[in-house]
Amino acid sequence: MISLHQTLSKHVTAALNRAFPEAAAKANAAGFPLDPQLVYASKPEFGDFQINGALPLAKPLRKAPRQIATSIVEELNNNQDFRNLCEAPDIAGPGFINLTLRSQCLITEIETRLKDVRLGVELVQASKSGEPPAPVVIDFSSPNIAKEMHVGHLRSTIIGDSLARILEFRGHPVIRLNHVGDWGTQFGMLITHLKQVAPEALTTANVVDLGDLVTFYRQAKKRFDEDKDFQMSSRKEVVKLQSGDLTALKAWKLLCEQSRREFQKIYDRLDINLTERGESFYNAYLQSIITDLERLGLLVVDEGANCVFLEGITGKDGNPQPMIVQKKDGGFNYATTDLAALRYRFKKPPEGDGACRLIYVTDAGQANHFAGVFQIAKRAQWVPEGGRIEHVPFGLVQGEDGKKLKTRAGDTVRLRDLLDEAIMKASADLRRRLKEEGREETEDFITNVSNVIGIAAVKYADLSQNRVTNYQFNFERMLALQGNTAPYLLYALVRIAGIARKGGSFNIHTNGLQFNEPQEWCLVRELLKFDNVISEVEEELLPNRLCNYLFELSQTFNRFYDQMPILKAPEQKRCNRLALCELTANTLKLGMTLLGIPTLERM
RNA sequence: GCGCCUGUAGCUCAGCGGAUUAGAGCAUCUGACUACGGAUCAGAGGGUCGGGAGUUCGAAUCUCUCCAGGCGCGCCA
């Protein structure tokens, strides 16, 4: 209903200006035009929209708020276009104006939406000069090479993917970047270890399976910590790698490829698309970051390291906090890489991505780091006019004890084990239910449904919570069939699919719909909120808002389903109700798709 | 010590400066035509929104302060 809101907003603003021409002229001259504060109604009993703007005008106009509201309403009543959309406005409480849309207006919206695959969500506009919108870079997932993906990556991956899907659906060209940790000092020990454990890997073409890379990593780390000679060789290996030594490079590539294959398995299971562009990609740009910072006069040598001192951020000693961009040994660190990446992403092609918005989906612990990086980028003027940079932080994944999620043995939980367990539990649950209900299903069916429910539950549990807070991981809760969970939403869709199966396809006419029951109108109003929710998530980058909406829509639908006969209703009512079923299914399906969650016809 | 984040019902959490009564879900209790999939629906109880002050016509929401917890804080990422 965004377009309706916009139309109404014009009428209401005009009415406000006509009601108080002098105040309006003054306000316009001051650059703060009068704002009627037209918002969606906070409660259904207040109608569809409410105008809150009368209250703050009381003081400047020296009039009672209700009197101001009355004047606005008089002007609105004089406008035929407005009256075609809304019932007579209501003045309520201290001076709120409640607007209720005419039934026909809502019905037209529903009819339009039934024919619209975008469900009322508009595509972003091309610029005035006709250029397509600039890309949005979303940096998410970003595991480290030679390490196992763990739950920490889960949130970044799931949240980042959902945000990407939503922005893509709005028509933004989205660059989904996997900023993998594929460079750095840890490769010294990995390469040294590889050379000693599997030297043939470097001479034979791509036939060596390194096996479990995590074990490999641990072995290398252990030797690095215990063996002085090994340490020495490792340091030399880093230098070799960075200076382009062919053997070192080959070993590095081998390790990356092996890792990549492992990551891909997870991404396939989660249905995640990513473009890998690791830290190493920016190597060629690191030196120029230093040179540019120096040229701009931002660089300070402190204790032998090249630093930029941050404004407004103090360190332990109370002095401005430095951000090191080049270590005293001449090496670069992640701040340098992040700056190079940021600059590259904003730069126009062919020197960069030409992005207008950068979104970093990483844990909240990196907030300070990004604040520093963003500050330097702004001071160096690497952020173009109108360019947005946002850190999208999220909290820790905790176990039921409220502490960081660990296995019983105290190790970090591997992502694949976690997914396996979710699917296993979903499968056990399904089999138990089939037995109870005396249903027979094929193994294929059971496997597929368990997979979908397991993955959906894990994703939804994560997405449905405000990402800023820590998140308590709990299989029982996320797989529960009731409550704000994936299975509950999936079930609503299954019910509608059941109706479609029994009543033939929906295939209904979408003109001349009529609704009479409150349950129908509730569902109508809920359905029409969809586009607004999407635009909210696009702006606030909080997928839990979409989850909340889908849950409320499911609840509203279940209420409707419970209280209204559909297939058994008389012909006319049946058509009207089937139309609502169809639009509900379309909305739930699209919403779930935008969360990255698959749906089912039967479960 | 400094910085960032969090504190809302027994538990897990929503809450976008707006409405006498601050919302869900779980758990607890009470109900629902043999039902288009009851994996649902209707209802009940349960709260000093961490404490205090301020801004505002109006504050869970903004500001300050204190308390509690989490995370981070110079050459790892």
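Naming: A, B, ... by sequence-line order, numbering from 1 per chain.
In this model, the phosphate group of B:G15 is not approached by any side-chain N or O of A:Ser42 to a distance below 4.0 Å at OP1 or OP2. Remark: A:Lys59 is in phosphate contact with B:C57, judged by side-chain N or O atoms under 4.0 Å from OP1 or OP2. Phosphate contact (OP1/OP2 of B:G15, side-chain N/O of A:Asn544, threshold under 4.0 Å): present. For B:C13, neither phosphate oxygen OP1 nor OP2 lies less than 4.0 angstrom from any side-chain nitrogen or oxygen of A:Asn484. For B:A77, the OP1/OP2 oxygens have no side-chain nitrogen or oxygen of A:Lys147 closer than 4.0 Å.
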How does protein contact run along nucleotides 34-41 of chain B, one letter per nucleotide 5' to 3', with B for base contact, S for sugar-phosphate only, - for none, heavy atoms under 4.0 Å? --BBSBBS
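In summary, the side chains of A:Asp182 and A:Ser280 do present a donor paired with an acceptor at a separation below 3.5 Å, with no hydrogens or angles considered. Under 3.5 Å, the side chains of A:Asp338 and A:His369 contain a donor-acceptor pair of N or O atoms.
As the counterpart of B:C76, no nucleotide is assigned, since no Watson-Crick or G-U wobble pattern has both distances under 3.5 Å. Nucleotide B:A24 forms a pair with B:U12, judged by Watson-Crick or G-U wobble geometry with both contacts under 3.5 Å. Across all strands shown, B:A68 pairs with B:U6; the Watson-Crick or G-U wobble distances both stay below 3.5 Å. Taking a pair to require two hydrogen-bonding distances under 3.5 Å in either a Watson-Crick or a G-U wobble arrangement, B:A39 remains unpaired. With a cut-off of 3.5 Å on both Watson-Crick or G-U wobble distances, the partner of B:C49 is given as none.
Each of A:Tyr217, A:Phe263, A:Trp183 was compared with A:Ile145 under the side-chain contact (heavy atoms from CB on, under 4.5 Å) criterion, and only A:Phe263 meets it. For the side-chain contact (heavy atoms from CB on, under 4.5 Å) test with A:Ser141, the passing option among A:Met149, A:Arg155, A:Glu276, A:His179 is A:Met149; the others fail.
The residue among A:Gln321 and A:Asn333 whose nearest nucleotide of RNA chain B is located toward the 5' end is A:Gln321. Residue whose closest nucleotide on RNA chain B sits further toward the 5' end, between A:Arg477 and A:Cys307: A:Arg477.
Here the CG atom belonging to A:Leu241 is positioned 8.0 Å from the CZ atom belonging to A:Phe187, to the nearest 0.5 angstrom.
Taking only distance into account, the side chain of A:Asp302 meets the base of B:G74 through a donor-acceptor pair shorter than 3.5 Å.
By the 5.5 angstrom centroid cut-off and the 30-degree plane limit, A:Phe551 is classified as not stacked against the base of B:A24.
Within the 4.0 angstrom heavy-atom criterion, only backbone atoms of the sugar-phosphate kind lie near A:Gly365; the bases stay farther away. Residue-level contact check: A:Ala364 touches neither bases nor backbone, having no heavy atom under 4.0 Å from any strand.
Here the separation of B:U8 from B:C62, taken at their P atoms, is 16 Å to the nearest Å.
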Under the salt bridge (Lys or Arg N to Asp or Glu O under 4.0 Å) criterion, do A:Glu552 and A:Lys529 qualify, and how do the steps go? CA-CA 11 Å; A:Glu552 273 162 26; A:Lys529 289 180 187 167; 5.1 Å; no
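Rounded to an integer number of Å, the gap from A:His150 NE2 to B:A77 P is 16 Å.
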